[in-house]
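One structure is given here, and the rest of the page talks about it.
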2 protein chains.
Amino acid sequence: MGRGKIEIKRIENSSNRQVTYSKRRNGIIKKAKEITVLCDAKVSLVVFASSGKMHEYCSPSTKLVDILESYHKQSGNRLWDAKHENLSNEIDGIKKENDSMQIELRHLKGEDISSLNHKELQVIEDVLEKGQANIRDKQDEIVTMLRKNVSTASRDGHGKWVSAAHNEATGLQT
Amino acid sequence: MGRGKIEIKRIENSSNRQVTYSKRRNGIIKKAKEITVLCDAKVSLVVFASSGKMHEYCSPSTKLVDILESYHKQSGNRLWDAKHENLSNEIDGIKKENDSMQIELRHLKGEDISSLNHKELQVIEDVLEKGQANIRDKQDEIVTMLRKNVSTASRDGHGKWVSAAHNEATGLQT
DNA sequence: TTGTCTATGTATAACGT
DNA sequence: TACGTTATACATAGACA
C-alpha cells in the first residue's frame with residue numbers, strides 16, 4: 001500500500017519507523033471512528049509509540065471508563081477492581097475505628113450514656129478519674145515550675161516579665 | 001473502498017451493518033498488529049458490537065492492565081482514578097478525623113500531655129469534670145432505680161432475683 | 001523534523017452463490 | 001444467513017519540499 005510492498009517486521013530505520021508510526025496511527029484511529037459510526041460500535045483504542053508517547057481514541061459519548069468497565073465485566077478479569085476493593089476495605093476499617101472512638105469520646109464526655117449499665121459506667125468513671133489524676137499531676141508540675149521561675153524571674157525595661165518558660169507554661173504566648 | 005463509495009454514517013440495514021462490522025473489525029485488528037510489529041508500538045484495542053459482543057487486541061507480551069496503567073500514568077487523565085481519588089480523599093478525611101479523635105482521647109485519659117500548657121490542661125480538666133458529673137448523675141439515677149426496684153422485687157422458685165430492670169441496670173446480664 | 005504528493009498495495013461494499 | 005469474488009475507494013511507502 002505504497003510505492004513498494006513492505007514486509008511486516010520492525011522497521012529498522014528509526015526515522016522511517018517514526019513516520020510510518022504516525023501515519024498508521026492516524027489511519028487506525030480513523031478506522032476506529034468509522035466503525036464506531038457505521039456499525040454503532042464502541043471502541044477504545046490506546047496506542048503507545050516506542051518512545052512512550054501515547055495516543056488514544058474512544059468512541060464519543062462513551063467514557064473510556066465505561067468501556068473498560070464493560071470489558072471488566074465481560075472478561076471476568078479483575079483489573080483495577082483489586083485496588084478498588086483494597087481502598088474500600090481500608091475505608092471500612094477506618095470508619096469502624098472512627099465510630100468506636102467517637103463513641104468512647106462521647107462516653108468520656110458523659111454523652112449518650114443513657115443505655116449504659118452500672119458496670120459500664122463504672123469503667124468510664126475509672127478512666128475519667130485516672131485522666132484527671134494525670135492532668136492534675138501535670139498541672140502541679142507546671143505550678144512548681146512557675147514558682148521556681150517566678151523566684152528567678154525579672155522584668156524588662158517596660159515592666160514585662162521576661163521568661164520564655166513562664167509564657168510557655170501559662171500559654172500566654174506560642 | 002469497495003464497489004461504491006459510502007458515507008460515514010450509521011448503516012441502517014442491520015445485516016449489512018453486521019457484515020461491515022465484522023470485516024472492519026478484523027481490518028482494524030490487523031492494522032493494530034501491523035503497527036505493533038512495524039513500529040515497535042504497544043496497542044490496546046477493545047471493540048464492542050452494538051450487540052454487546054466484545055473483541056480485543058493487545059500487543060503481545062503486554063497485559064492489558066499494564067497498558068491501562070501506563071495510559072493512566074501518562075494521560076494525567078483520571079479514568080478509574082476518579083473513583084480511586086474519591087476513595088482516597090475519603091480515606092484522608094477520615095484518617096484526619098481519626099487522628100484528632102485519637103489525640104483528644106489520649107488527652108482525656110491524661111496521656112501525651114507533656115507538651116500541653118496550663119490553659120490547654122485546664123480545658124481538658126473541665127471536660128473531664130463535666131463528663132464525670134454526667135456519669136455520676138446517671139449512676140445516681142441507676143441507684144435510685146435499683147432501690148425502687150428492690151422494694152418491689154421478688155425471687156423466683158430457685159431464689160434468684162426476678163427483675164429484668166435489675167439485671168439490665170447492674171449489667172449482670174445482656 | 002513535518003508536511004504534501006503520487007504510484008501502488010490493501011481493505012472492503014456490493015455482488016453472487 | 002454466511003461465504004467467496006471483484007471492482008473500487010482508500011491508505012500509505014517512498015520521494016521530495
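Heavy atoms only: backbone and side chains are in, while hydrogens, waters and symmetry mates are out. Chain naming here is simple, since letters A, B, ... match the order of the sequence lines and numbering starts at 1 in each.
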Review point. Is there a donor N/O on one and an acceptor N/O on the other, under 3.5 Å, for the side chain of Lys23(B) and the base of dA11(C)?
Key: no
Review point. How do Lys5(B) and Ile6(A) order along DNA chain C: which one's closest nucleotide is nearer the 5' end?
Key: Ile6(A)
Point to revise | Spacing between Gln18(A) atom CD and dA13(D) atom C1', to the nearest angstrom | key: 15 Å
Check your understanding: What's the verdict on side-chain hydrogen bond (donor to acceptor under 3.5 Å, both in side chains) for Glu125(B) and Gln132(A), showing C-alpha distance, side-chain angles and the deciding distance?
Key -> CA-CA 6 Å; Glu125(B) 219 179 326; Gln132(A) 228 163 12; 5.6 Å; no
Exercise for review: Tell me whether the OP1 or OP2 atom of dA13(C) has a side-chain N or O from Arg24(B) closer than 4.0 Å.
Suggested key: yes
Review point. Which nucleotide sits closest to the side chain of Lys31(A): dT4(C), dA7(C), dA11(C)?
Key: dA11(C)
Check your understanding: Within the structure shown, what part of the strands sits under 4.0 Å from Thr20(A) by heavy-atom distance: base, sugar-phosphate, or nothing?
Key -> sugar-phosphate
Practice item. Whole angstrom is fine here: how far is it from CZ in Arg17(B) over to C1' in dA14(C)? Key: 17 Å
Review point. For the base of dT8(D), is there a side-chain donor-acceptor partner from Arg3(B) under 3.5 Å away?
Key: no
Check your understanding: Would you call Glu129(A) and Arg136(A) a salt bridge, taking side-chain N to carboxylate O under 4.0 Å as the test?
Key -> no
Practice item. Could you tell me the separation between the CG atom of Asn13(B) and the C1' atom of dC15(C), rounded to a whole number of Å? Key: 14 Å
**Study point:** Integer-rounded Å distance: dC10(D) P and Ile35(A) CD1
**Key:** 16 Å
Point to revise | Minimum-distance nucleotide to Ser15(B) side chain [options: dG14(D), dT12(D), dT1(D)] | key: dT1(D)
Point to revise | Protein-nucleotide distance (Tyr21(B), atom OH; dA13(C), atom P), rounded to Å | key: 14 Å
Review point. How do Gly4(B) and Gly4(A) order along DNA chain C: which one's closest nucleotide is nearer the 5' end?
Key: Gly4(A)
Review point. Can you check the Glu34(A) CD to dA11(D) C1' distance for me, whole Å?
Key: 11 Å
Check your understanding: Would you say dC10(D) has OP1 or OP2 under 4.0 Å from some side-chain N or O of Lys30(A)?
Key -> no
Practice item. Quickly work out the Leu38(B) CG to dT10(C) C1' distance and round it to whole Å. Key: 14 Å
Study note, to complete from the structure: 5'-most contact on DNA chain D (nearest-nucleotide basis), Gly2(B) vs Asn16(A), goes to Gly2(B)
Point to revise | Distance-minimising heavy-atom pair for Ala41(B) and Tyr21(A) | key: CB-CE1, 3.7 Å
**Study point:** Derivation of the side-chain hydrogen bond (donor to acceptor under 3.5 Å, both in side chains) call for Ser15(A) and Asn13(A)
**Key:** CA-CA 6 Å; Ser15(A) 83; Asn13(A) 181 305; 3.3 Å; yes
Review point. Ignoring hydrogens and geometry, is there a side-chain-to-backbone donor-acceptor pair from Thr20(A) to Arg17(A) under 3.5 Å?
Key: no
Review point. Starting at CZ of Arg25(A) and ending at C1' of dT2(C), how long is that distance when rounded to a whole Å?
Key: 13 Å
